[in-house]
There are 2 protein chains.
Amino acid sequence: MKKTGLVTIKDIAKQLNISPSTVSRALHNHPDISPETKKAVNTLAKELDYHPDSVAQSLQKRRTNLIGVIVPEIKHNFFSAAISGIEDVAYRAGYAIIVSQSNENYEREVVNVRALMSNRVAGLLISISQNTTDSEHFRLLERQNTPFVFFDRVCEDVNASKVMVDDFAGAYTATEHLIKKGYQRIAHLAGPKYISISKKRLEGYKSALKENDMFYDEKLVVFGGMNEEDGRSGFQQLLQLEQMPDAIFAVNDPVAIGAFEKIKEHGLRIPKDIALVGFSNNPISALVDPPLTTVDQPAYEVGKRAAMLLIEQINSGDDFVPREEVLKTKLIVRNST
Amino acid sequence: MKKTGLVTIKDIAKQLNISPSTVSRALHNHPDISPETKKAVNTLAKELDYHPDSVAQSLQKRRTNLIGVIVPEIKHNFFSAAISGIEDVAYRAGYAIIVSQSNENYEREVVNVRALMSNRVAGLLISISQNTTDSEHFRLLERQNTPFVFFDRVCEDVNASKVMVDDFAGAYTATEHLIKKGYQRIAHLAGPKYISISKKRLEGYKSALKENDMFYDEKLVVFGGMNEEDGRSGFQQLLQLEQMPDAIFAVNDPVAIGAFEKIKEHGLRIPKDIALVGFSNNPISALVDPPLTTVDQPAYEVGKRAAMLLIEQINSGDDFVPREEVLKTKLIVRNST
DNA sequence: TTTATATTTGCAAACGTTTGCGAGCAATGC
DNA sequence: GCATTGCTCGCAAACGTTTGCAAATATAAA
């Protein structure tokens, strides 16, 4: 046993008086090696508790068994579920995942991309930060042709595979649901102006209004972030209006929950005084009182599909054409409408 | 530019007509290298978009910049928050994290440990699965002296650093709170019998009863898992009793929420008919109606401390003595009691 | 017996870095 | 003028694997 305690192929070779190359081939069950040698090698390997050094293998193969994942924030329900899906798929395919978060910070996202590239990951799965408008760091990936696919929060002007949920349809259905229920003044607590998912949800909202001959009132749309406090402040803004809305469609559940709190705080009743619809179907949405009508988003599935696409791309080399997948959303009607 | 598109130190050396070793030293700002050479190297490196190959560096240094993390399930609020803390600390210290989940499966936990060892991680952060009773895979880590620290769900018979929350005190305070409020028959929806956190919470529950001269009734303790459905089935079991409890202390928030649903389903009122206390302070607990009294657990902080301990251990070599840290919990009193 | 063929193994280079050691050379001190 | 010192740099080995190629041996064919 060496001082490091780590057994290498050379140790096995030395003890068996054969060459390292023979040991390597024996361990890989190469046809050139005699059954006896193979057996001797394998038993000694087991005995010494030998495990191949992935680092050395990666250097030699010029590719690791690592998949890099970048998300805005791990603790967000949607992302942790997506990561779970990614991990499950990656695990089965023999990959491990390196997870890093941008904390909605563009610079940190860039640093993360570079760090993962330095680690020579086999591919990347990326959900971009709120503040990512520039896509230079993705060009870098293209140039070094590292496979990567976007999920959920995609970068529209980059030609890569993308896995999204049908934000437009989800928002459309949610808004239409409110219209059918007879609500007249439907407000929208929108997300950041320039990220794809909130743009699409806004479009769905607008489109539903239009196709149902409802007036689109700009004042009823409040832009903000994606968190609870944005819901709170957004609702405060709506309160300033001379005429209050009778329903709110929020860009996601946290924002809806934020508004929810403020609504209750002001003694308003849901859905009597004001109806509320979220987006994501976070576990929490079923448990508030009244339970929240929301749009179910298959987070785990998004992660899974993204990982599968990436692995496919990794395996198929240069001749892979990027694909986009849009996963279906589903309106979950509860008592908040 | 080579066909791979990846620039190496050799490429720089060749273009500048110097040796790779000089390039390496220049990039590391080694005093032996003249300012002019350094400048030339650095500008060319920037121009060619050179990034060091971590894999090669790791092989040479015999250590990676990777920290392995094993959790039961990523999507659990507590763990995703802890991972977030880990990532933040690791990022600042120049490490990336490899995250894998055991899915509460012992075999998969073992496989994960081996895979991470193969990847030559600098250290490991582990929260064990429900079904981990054997600790042979941790002995393996000890033998190859890979630093590792347990967090939250620790393995008691392994001599390693541990970061936990004060489960005993949390449970004690929660139970005592119920007693002070005048509840007489306090039930406990317990977790798995043999994992440390649920054992300690049970102990805290028992101890609070005892020190307040209350009778400990075995029938009021129902063992189960850590998820919502365990809360549902657990409550069903309590319903079978000839005399219903007037309060429930659940091993964690998901279990409490599960019971919560069933309680409402049966038309019982919280806290009038039955009081309910959870454990974890998941965001959800504040938003159900009535809001749930619970024990705050600093998940992010647990991850942070564990990561800091691990990095300290990595840096201090063999002469590191394992340490245990117990983080304080805090009772959050809301309207469910 | 010789030649061809198959079987099993080892040599050596390579992957991209880092680093101990020594070489070359100019400047300095005597 | 010679030895010493200091400054730059390159050679070569090493980290643990994999793999093309050749070598060695045994077996079969002629």
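The chains referred to below are lettered A, B, ... by the order of the sequence lines, with proteins before strands, and numbering in each begins at 1. Values below: all heavy atoms of this structure, side chains included; hydrogens, waters and symmetry mates excluded.
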Pull out every protein N or O sitting under 3.5 Å from an N or O of nucleotides 23-26 of chain C, one pair per line with the distance.
none

End-to-end axis angle, where each axis spans five pairs of the helix from C:dT1-D:dA30 to C:dC30-D:dG1, to 10° |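 The end-segment axes of the helix from C:dT1-D:dA30 to C:dC30-D:dG1 are tilted 60° relative to each other.
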Going by the rule side-chain hydrogen bond (donor to acceptor under 3.5 Å, both in side chains), which residues pair with [X] if we only count those two or more places apart in sequence or in a different chain?
{"X": "B:Thr146", "value": "none"}
{"X": "A:Asn112", "value": "none"}
{"X": "A:Thr133", "value": "none"}
{"X": "B:Tyr106", "value": "B:Asp134"}

B:Ile18 CD1 to D:dG10 P, in whole Å, measures 6 Å
Specify the separation, in whole Å, of atom CD1 of A:Ile9 and atom C1' of D:dT18.
->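 Whole-Å distance recorded here is 8 Å.
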Can you run down the side-chain hydrogen bond (donor to acceptor under 3.5 Å, both in side chains) pairs that involve residues 301-310 of chain A, sequence neighbours left out, and say none if there aren't any?
->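 Residue pairs with at least one partner in residues 301-310 of chain A: A:Arg305-A:Glu325.
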Respond yes when some side-chain nitrogen or oxygen of B:Lys10 is under 4.0 Å from OP1 or OP2 of C:dC15, and no when none is.
->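 Answer is yes, contact under 4.0 Å.
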Of the listed nucleotides C:dT9, C:dT19, C:dG16, the one nearest the side chain of B:Ser21 | C:dT19
Nucleotide nearest A:Ala56 (side chain, heavy atoms from C-beta), chosen from C:dC11, C:dT17, D:dG16 |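 Among C:dC11, C:dT17, D:dG16, the one nearest the side chain of A:Ala56 is D:dG16.
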Any residue meeting salt bridge (charged side-chain N to carboxylate O under 4.0 Å, His left out) with B:Asp152, in chain and number order, not counting sequence neighbours = none
Which residues satisfy the salt bridge (charged side-chain N to carboxylate O under 4.0 Å, His left out) test with B:Glu107, sequence neighbours excluded?
->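 B:Glu107 satisfies salt bridge (charged side-chain N to carboxylate O under 4.0 Å, His left out) with no residue once adjacent residues are dropped.
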Residues from residues 23-35 of chain A sitting under 4.0 Å of DNA chain D, heavy atoms only?
-> A:Ser24, A:Arg25, A:His28
Letter by letter from the 5' end, nucleotides 23-28 of chain D scores (B base, S sugar-phosphate only, - none; protein heavy atoms under 4.0 Å) ------
Residues in ring pair (Phe, Tyr, Trp, His ring centres under 6.0 Å) with A:Phe138, at least two apart?
->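 Result, ring pair (Phe, Tyr, Trp, His ring centres under 6.0 Å) vs A:Phe138: A:Phe150.
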